[in-house]
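So the structure is just underneath, and the comments pick up after that.
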Amino acid sequence: MRVTVVGLGPGAGRDLTGRAREALERADLIVGYTAYIALIREEFPEKEMMSTGMRREVDRCRAAVEAAASGRDVAMVCSGDSGIYGMAGLIYEVAQEYPPIEIEVVPGITAACGGAAVLGAPLTHDFAVVSLSDLLTPWDKIALRLECAARGDFVLCLYNPASHSRPDHLKRACDILMAAGKSPDTICGYVQNIGREGERGTITTLGALRDTQVDMFTTVFIGSSQTKLLGGKMVTPRGYLQREG
């Protein structure tokens, strides 16, 4: 029948959209990463669920597509948004190996939006989202994207800023951004555990961010030259007031 790729929103799935909930209620099989399945198991106890561990994305998607090809209505769950660092693209790729099935993508709230709301309004103007994980993208390409974003004066949202195997990636990214022209005084922020217990946002500067310890549950926001502190919050003006002046 079909695979519906469902974004659960950030954290514990408390921000499920109406479309996401409908897709999960309709499905007769829910597939996902072990940690994401755990987030929804209690809310959908009657559903059959299948999970795989870290770095088993291809296996997970093949299992979902095979089940759909056999006539089942399958929901593939992703944290955040299903199409932003989610499984939507891989489902389309894997589906090419099988008889045609229906694929539906149901969006969710990505970490960029969830974290921005905690910090204030840092993404009100043009911004770029870059993952600092080099598992699937060479570091040289990540570095080039960071440099180009800095030269274009974009606000940056950084996913996967650090892990046990790459503890210095955020420091390296900050060095690249400052070398490309961003001021050490640029307003920045980071949010830990978005949508989960222990959610906490911190506002800092690019110079201080360089030496900040973060983990894989942190999303980092680096302002543009226009980003400022307003009422203790990180805000990037769109320019409406400047136009009136």
Side-chain angles (χ1 to χ4, degrees), residues 1-13 15-17 19-20 23-24 27-41 44 47-70 72-115 129-142 145 157-166 169 193-196 215-220:
M1 291 177 64
R2 68 180 153 194
V3 175
T4 305
V5 196
V6 180
L8 298 177
D15 294 316
L16 275 178
T17 66
R19 282 185 64 194
L24 294 176
D28 54 59
L29 173 65
I30 300 175
V31 181
Y33 171 48
T34 305
Y36 303 154
I37 289 293
L39 295 176
I40 60 171
R41 188 179 294 280
F44 299 94
K47 296 291 183 179
E48 180 182 349
M49 299 191 182
M50 178 190 305
S51 65
T52 64
M54 189 77 76
R55 301 195 186 184
R56 297 279 304 280
E57 293 88 353
V58 175
D59 292 342
R60 199 151 64 234
C61 287
R62 285 207 172 104
V65 172
E66 287 174 3
S70 72
R72 306 195 69 177
D73 193 329
V74 182
M76 165 66 76
V77 294
C78 312
S79 179
D81 180 84
S82 51
I84 299 178
Y85 300 116
M87 293 292 100
L90 184 55
I91 284 287
Y92 278 108
E93 291 180 281
V94 168
Q96 303 309 302
E97 305 169 11
Y98 295 87
I101 60 168
E102 180 183 349
I103 299 173
E104 179 184 1
V105 177
V106 174
I109 299 172
T110 187
C113 297
V129 178
V130 178
S131 170
L132 297 190
S133 172
D134 58 1
L135 289 175
L136 301 175
T137 305
W139 179 258
D140 288 349
K141 183 171 287 189
I142 294 171
R145 290 171 177 171
C157 178
L158 302 181
Y159 283 51
N160 306 308
S163 69
H164 291 302
S165 62
R166 42 185 178 81
H169 276 201
N193 301 308
I194 299 171
R196 300 180 176 92
D215 58 26
M216 62 186 295
F217 299 109
T218 304
T219 303
V220 174

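- Scored by the side chain to side chain contact (heavy atoms under 4.5 Å, CB included) test, A111 finds Y159, I194, T219 as partners (sequence neighbours excluded).
- Under the side chain to side chain donor-acceptor pair (under 3.5 Å) criterion, E57 pairs with no residue, sequence neighbours left out.
- Closest approach of T17 to P107, counting heavy atoms only: OG1-O, 4.0 Å.
- Between A88 and G83, the closest heavy-atom pair is CB-CA, 4.1 Å.
- Qualifying salt bridge (charged side-chain N to carboxylate O under 4.0 Å, His left out) partners for E102, counting only residues two or more places apart in sequence or in other chains: R2.
- The closest donor-acceptor contact from the side chain of K47 to the backbone of R41 lies at 3.5 Å or more, if one exists at all.
- Side-chain atoms of H169 and D134, non-hydrogen and from C-beta on, do get closer than 4.5 Å to each other.
- Within the 4.5 Å cutoff, the side chain of I37 has heavy atoms near those of the V77 side chain.
- Take Y98 and apply the side chain to side chain donor-acceptor pair (under 3.5 Å) test, not counting sequence neighbours, and it matches E66.
- Pairs engaging residues 81-98 under the salt bridge (charged side-chain N to carboxylate O under 4.0 Å, His left out) rule: R62-E97 [sequence neighbours left out].
- S133 meets the side chain to side chain contact (heavy atoms under 4.5 Å, CB included) test with S131, L135, N160, R166; sequence neighbours excluded.
- Taking CG of L158 as the start and OG1 of T218 as the end, the distance is 11.5 Å to the nearest 0.5 Å.
- Listed by chain and residue number, nothing satisfies the side chain to side chain donor-acceptor pair (under 3.5 Å) test with S82 (two or more places apart in sequence, or in another chain).
- Take D59 and apply the side chain to side chain donor-acceptor pair (under 3.5 Å) test, not counting sequence neighbours, and it matches R56.
- For D28, the salt bridge (charged side-chain N to carboxylate O under 4.0 Å, His left out) partners two or more places apart in sequence, or in a different chain, are R72.
- Counting heavy atoms from C-beta on, the side chains of L90 and V58 come closer than 4.5 Å.
- The shortest non-hydrogen separation linking R60 to G53 is NH1-O, 3.3 Å.
- Here L24 contributes atom CG and T4 contributes atom OG1; the two are 9.0 Å apart, rounded to the nearest 0.5 Å.
- C78 has its side chain within reach of V5: a pair of non-hydrogen atoms, C-beta onward, lies under 4.5 Å apart.
- Taking the side chain as every heavy atom from C-beta outward, I91 and M76 approach each other to under 4.5 Å.
- With sequence neighbours left out, A68 forms a side chain to side chain contact (heavy atoms under 4.5 Å, CB included) with V3, V74, I101.
- Partners of I109 according to the side chain to side chain contact (heavy atoms under 4.5 Å, CB included) rule, which considers only residues two or more places apart in sequence or in another chain, are P10, D15, C113.
- In this structure the side chain of M49 reaches within 4.5 angstrom of the side chain of I40, judged on heavy atoms.
- Taking both residues in full, the closest heavy atoms of W139 and L132 are given as CZ3-O, 3.9 Å, listed atom of the first, atom of the second, then distance.
- When side chains are defined from C-beta on, R196 counts as touching F217, because their heavy atoms get closer than 4.5 Å.
- Residues A63 and M50 approach most closely at CB-SD, 3.6 Å, considering heavy atoms.
- Of the candidates V220, T110, V129, V129 is the only one forming a side chain to side chain contact (heavy atoms under 4.5 Å, CB included) with C157.
- In terms of heavy-atom proximity, V130 sits nearest to Y85 at C-OH, 3.5 Å.
- The salt bridge (charged side-chain N to carboxylate O under 4.0 Å, His left out) check on R145 picks up nothing, with sequence neighbours excluded.
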